[in-house]
Amino acid sequence: MKVWIARDPSKTAVALRPVEISSRPHRHEWGNVIDLTPGQPMTAKAADRRAKFQLILVSLGALYFCGNGGGAYWWLILLVAGVLTIAIFSASTRAEQPGKVVTPDLHRYPDVHRLLTGAPERGEFDRLLRLAERVGKTLPALKHLVDPNEAGGLLAHALWDGAKVLARKEEIRAVRDDLKRHARERSDEMSRPRLDLLQQQQRASTLWSDVNEELDKLRSHLTAAAEAGEVFIRDRDLDETLSRTEKALAQLSIDDASISSGASEQLADETSAVVQAYRELNDLYGGKR
């Protein structure tokens with residue numbers, strides 16, 4: 001499973017098909033996730049300079065073809081030059097504008113796209129994405145314990161599930177806000193519509209609690225996976241460090257003049273204490289490395 005993510009200041013698109021950024025995208029790919037964000041737009045001065053350079057090239061090209069037997073087709077050369085000139089000015093205008101999310105297959109495949117436009121939901125998805133990326137960074141070190149391809153697919157699936165839940169949360173938020181507005185307008189009434197309104201508010205609140213519970217579970221699972229991987233890496237690094245230290249200590253001679261016997265003894269005692277503490281920690285984790 002692979003997930004494409006495109007984000008701009010007003011929208012987040014999560015899809016199982018390619019999505020894009022309209023201009024100058026910054027692409028970040030890890031595991032089975034492709035994350036696109038808008039790059040820095042060109043300044044007006046830089047865009048103008050590039051357009052002038054391209055226009056000079058078009059003019060020189062047109063003159064070259066006219067001077068090498070293409071004079072009879074001057075109208076065709078002029079037409080091509082005109083089309084290129086329009087394309088250059090259009091590209092220059094787009095280069096000055098911030099990139100926006102583009103979903104080319106949204107209308108053909110709506111079921112594999114999720115669009116988040118609310119600021120709260122987009123912020124929550126960004127936090128999920130950071131958690132998933134923390135997990136992804138630990139996968140290379142865990143390649144002997146888990147299949148990186150399978151784990152990458154699971155991470156992509158988790159992000160897709162998170163996007164679906166957040167899209168539903170965005171819809172529930174809109175319903176709740178609409179019901180709150182009507183509730184304020186009918187705050188002094190005790191009619192049948194008022195009672196129906198209160199009942200719908202209760203249903204919306206239940207759905208809101210359910211969707212938040214799903215998100216909490218997803219965050220909890222991603223956090224647990226990230227912390228477990230990071231602890232494993234720290235323990236492995238500590239194990240390698242202690243192994244090097246034990247080898248170095250084994251090569252030390254009591255008569256070595258470069259270090260006093262007292263210092264050697266203290267270093268050995270401290271190293272032994274650290275080794276023992278690490279062994280106890282390792283036993284706690286089941287003795288697995």
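In this structure, Arg176 satisfies the cation-pi test against Trp208, with its NZ or CZ atom closer than 6.0 Å to the six-membered ring centre and inside 45 degrees of the ring normal.
For Asp105 (side chain) and Arg108 (main-chain N/O), no donor-acceptor pair under 3.5 Å exists by modelled atom type. Arg122 places a side-chain N or O within donor-acceptor distance of the main-chain N or O of Pro9, the cut-off being under 3.5 Å. Formation of a donor-acceptor pair under 3.5 Å by the Thr206 side chain with backbone atoms of Gln202 is found in this model. Panel note: side chain Glu121, backbone Leu166; no donor-acceptor pair is recorded below 3.5 Å. For Thr245 (side chain) and Thr241 (main-chain N/O), a donor-acceptor pair under 3.5 Å exists by modelled atom type. At least one donor-acceptor pair under 3.5 Å links the side chain of Asn32 to the backbone N or O of Met1.
Minimum heavy-atom separation, Val101 to Ala13: CG1-CB, 3.7 Å. What you find for Pro38 and Gly99 is that their closest heavy atoms are CG-O, 3.4 Å. Nearest heavy-atom pair, Ala204 versus Ile172, reported as atom, atom and distance to 0.1 Å: O-CG2, 3.9 Å. The two residues Ile21 and Val102 have their closest heavy-atom pair at C-CG2, 4.4 Å. Heavy-atom minimum distance, Phe125 versus Val14: CZ-CG2, 3.5 Å. The nearest pair of heavy atoms linking Ala6 to Val19 is CB-CG2, 3.7 Å.
In this structure, Arg127 CZ and Leu222 CG are separated by 13.5 Å, a value rounded to the nearest 0.5 Å. Annotation: the span from Leu159 atom CG to Leu154 atom CG amounts to 11.5 Å, rounded to 0.5 Å. Once rounded to the nearest 0.5 Å, the distance linking CD of Glu133 with CH2 of Trp30 reads 5.5 Å. To the nearest 0.5 Å, atom NZ of residue Lys143 and atom OG1 of residue Thr138 are 13.5 Å apart. With values rounded to the nearest 0.5 angstrom, Leu179 atom CG is found 5.5 Å from Leu197 atom CG. Atom OG of Ser10 is separated from atom CG of Leu116 by 11.5 Å, given to the nearest 0.5 angstrom.
Contact check on Asp237 versus Arg234 returns no salt bridge, with no Lys/Arg side-chain nitrogen under 4.0 Å from an Asp/Glu carboxylate oxygen. Classification of Asp178 and Arg181 as a salt-bridged pair holds, one side-chain N sitting under 4.0 Å from a carboxylate O. Ion pairing of Glu214 with Lys169 is absent here, as no side-chain N (NZ or NE/NH1/NH2) approaches a carboxylate O to less than 4.0 Å. Salt bridge annotation for Lys137-Glu230: absent, with no cationic side-chain nitrogen under 4.0 angstrom from a carboxylate oxygen.
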Evaluate Val165 against Leu218 for side chain to side chain contact (heavy atoms under 4.5 Å, CB included), listing each step before the verdict.
CA-CA 10 Å; Val165 174; Leu218 180 55; over 6 Å; no
Stepwise, does the side chain to side chain contact (heavy atoms under 4.5 Å, CB included) test hold for Arg219 with Glu124?
CA-CA 10 Å; Arg219 277 191 294 264; Glu124 286 190 71; 3.4 Å; yes
Arg7/Asp126 under side chain to side chain contact (heavy atoms under 4.5 Å, CB included): CA gap, chis, key distance, verdict:
CA-CA 10 Å; Arg7 295 177 290 160; Asp126 287 347; 3.0 Å; yes
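For His28, the NE2 atom sits in a packed shell: over 12 heavy atoms of surrounding residues, nucleotides or ligands are nearer than 6.0 Å. By the 6.0 Å contact criterion, NZ on Lys164 is enclosed, its count of non-hydrogen atoms from other residues, nucleotides or ligands being greater than 12.
One hydrophobic cluster, built from ILVMFWY side chains closer than 4.5 Å, cannot hold both Leu36 and Leu129; they sit in different ones. Follow the hydrophobic side-chain contacts under 4.5 Å out from Leu215 and you reach Ile5 in the same cluster. Put simply, Leu131 and Val135 are part of the same group of oily side chains (I, L, V, M, F, W, Y) that touch within less than 4.5 Å, one to the next. Taken together through direct or relayed side-chain contacts under 4.5 Å among Ile, Leu, Val, Met, Phe, Trp and Tyr, Val112 and Leu155 form part of one hydrophobic cluster.
For the pair Leu16/Lys2, no side-chain contact is recorded, criterion being any heavy-atom separation below 4.5 Å from C-beta on. Looking at heavy atoms from C-beta onward, Arg27 lies in side-chain contact with Ile34 at the 4.5 angstrom threshold. At a threshold of 4.5 Å between non-hydrogen side-chain atoms, the residues Leu115 and Thr12 do not count as touching. Counting heavy atoms from C-beta outward, Thr37 and Asp8 have side chains that stay 4.5 Å or more apart.
There is a side-chain donor-acceptor pair under 3.5 Å between Thr117 and Glu170.
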